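Each remark here refers to the structure printed beneath this line.
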Protein chains: 2
Amino acid sequence: MITFVKYVRYCRQMTSNSPPARASYHHGNLVEALLEAAIALIEDKGVESLSVREVAKRAGVSAGAPFRHFSSKTALLTAVAEQAMSRLTEAVSAELKTTGDADPIAGLRAIGQGYLNWALANPTHFQVISSRTLIDFHGSEKLVAENEAIRLIMEKLIDDARRRGLLRHGIEIEDLIFSSRAFIYGVARMWIDGHFLEWRIERPAAQAMSAALDMFILSIGAEVAQ
Amino acid sequence: MITFVKYVRYCRQMTSNSPPARASYHHGNLVEALLEAAIALIEDKGVESLSVREVAKRAGVSAGAPFRHFSSKTALLTAVAEQAMSRLTEAVSAELKTTGDADPIAGLRAIGQGYLNWALANPTHFQVISSRTLIDFHGSEKLVAENEAIRLIMEKLIDDARRRGLLRHGIEIEDLIFSSRAFIYGVARMWIDGHFLEWRIERPAAQAMSAALDMFILSIGAEVAQ
DNA sequence: CCGTTGATGTAAACGTTGATTACATTAGCG
DNA sequence: CGCTAATGTAATCAACGTTTACATCAACGG
């Protein structure tokens, strides 16, 4: 029996088939390796043409191995999204910290800038996060919680700005929270979805985004403050 | 020979298999039937789980038949997108006509409102249009041209508003064109992508969208005009 | 040091997909 | 009627997600 197994392994090395050279039978840290492989492959070929088989191959394991750790392709991508959301939250928080408590509108702008910068630098991760068909957003407590955390920070900043009279007269708080989010999301998605070409955005993407953000921030501010 | 063929057809009717009852061998108007079937299926199950086989089955033909008329799945969806873009342009134009030339800002708002109304009423079509992976946008002259047409109308309205002093001081034209588009796109996509839940938009979608649009329009206007 | 056990990998299979091919059927036209 | 081009069919292919039965190995108790 053992001879046969060794023979099979020998043949595998000779034909150099799917699972290539690996030190031991067990991978060691397959979960992380799969997440990394998934990101790398999405960066190469896009989200929709990602296959679990290729992820497995890149990680150096057989096609069925990923299903030991993720119940489905969706579960794998949801794990990628969780990792991505952590980094996004981190990036936004870091940018926010560069502003003081004195100017909530500057804080709001920092959130937008941090969000856009991160999306620009990590389009793949962003794409995975914002999808609701590839991942199971509401099935992940982490995703829901971190998303809510950002929303609460924005809500607090906007409410703070209102109390200090920094907002333009006539603007409803509820509308502004939603609008700010929609605006940033729209800018980021237009870039991700490749709509910059059609809209003749000829400046570098980061520059166009930043200018648009400046305009938005300017327009919601009180006239006297400008 | 003929007897055999008739027998086969008879059996097919009995077993009620893939190509079901149809008057003649040729369909008559397969192209339109396929487009309709595609839309109906996307509405049922979403864009990403659409298969050409199902489209063919729904249209009452075999799995390979669609490829006589569309070179690929992408080509089929691009045709759907062209049909959709026509209707979007039509909806936006109709909404725009309800406003006079006197108030370009009202025209801008009408464009946004028409766009959002249409997206809300035709989420499937909207999803197909805005995708750049499912369809070949830049390969379709029609899509590029109609998109550009809308952009030009917006540009003209905004420039008109600037000359009449209706815009808030400090706003750059170029930024405003892009920002307006990004804002509307963001609102529509947040709804399409199912982000309303997480952002606690508890009002009816149409109402929340309209309020956000009002806020945006208000914020870009000159203070004196309000 | 041996044997059991559970975690983790493999290989093979199943049903479905997008796409291609060779072939069958038909409508339209002379 | 007979020819041709258009149109539909059926068989086929590789790739996909997923499941299954089985193989391997690390850890641990005796």
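The shown structure was predicted, so the numbers you read here are calculated from the model rather than taken from an experiment. Each chain gets a letter, A, B and so on, in the order the sequences are listed, and its residues count up from 1. Side chains are part of it too, since the values below use all heavy atoms of this structure and drop only hydrogens, waters and symmetry mates.
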inquiry  = Under 4.0 Å from OP1 or OP2 of dG9(C): is there any side-chain N or O of H69(A) that close?
reply    = yes

Over 60° means perpendicular and under 30° means parallel, so classify the ring planes of [Y] and [X], tilted if in between.
X       : Y       : answer
W191(B) : F196(B) : perpendicular
Y185(A) : H195(B) : tilted
F216(B) : F216(A) : parallel

Length of the line joining [X]:[atom1] and [N]:[atom2], which is rounded to integer Å:
X      : N       : atom1 : atom2 : value
N29(A) : dA7(C)  : CG    : P     : 17 Å
L30(B) : dA27(C) : CG    : P     : 15 Å
L34(B) : dA19(C) : CG    : P     : 14 Å
F67(B) : dA10(D) : CZ    : P     : 16 Å
K45(B) : dT17(C) : NZ    : P     : 8 Å
L41(A) : dC16(D) : CG    : P     : 11 Å
K73(B) : dA15(D) : NZ    : C1'   : 14 Å

query = What's the closest nucleotide to the A65(B) side chain, out of dT10(C), dT19(D), dT9(D)?
reply = dT9(D)

ask   = Among residues 47-55 of chain A, which contact DNA chain D at a heavy-atom distance under 4.0 Å?
value = L50(A), S51(A), V52(A), R53(A)

query = Is E148(B) atom CD crowded by more than 12 heavy atoms from other residues, nucleotides or ligands, each under 6.0 Å away?
reply = yes

Greater than 12 external heavy atoms within 6.0 Å of E43(A)'s CD = yes

inquiry  = Nearest 0.5 angstrom please: S180(B) OG to L108(B) CG, how far?
reply    = 5.0 Å

request  = Find which nucleotide of DNA chain C each of S72(B) and R68(B) is nearest to by heavy atoms, and output the residue with the more 5' nucleotide.
outcome  = S72(B)

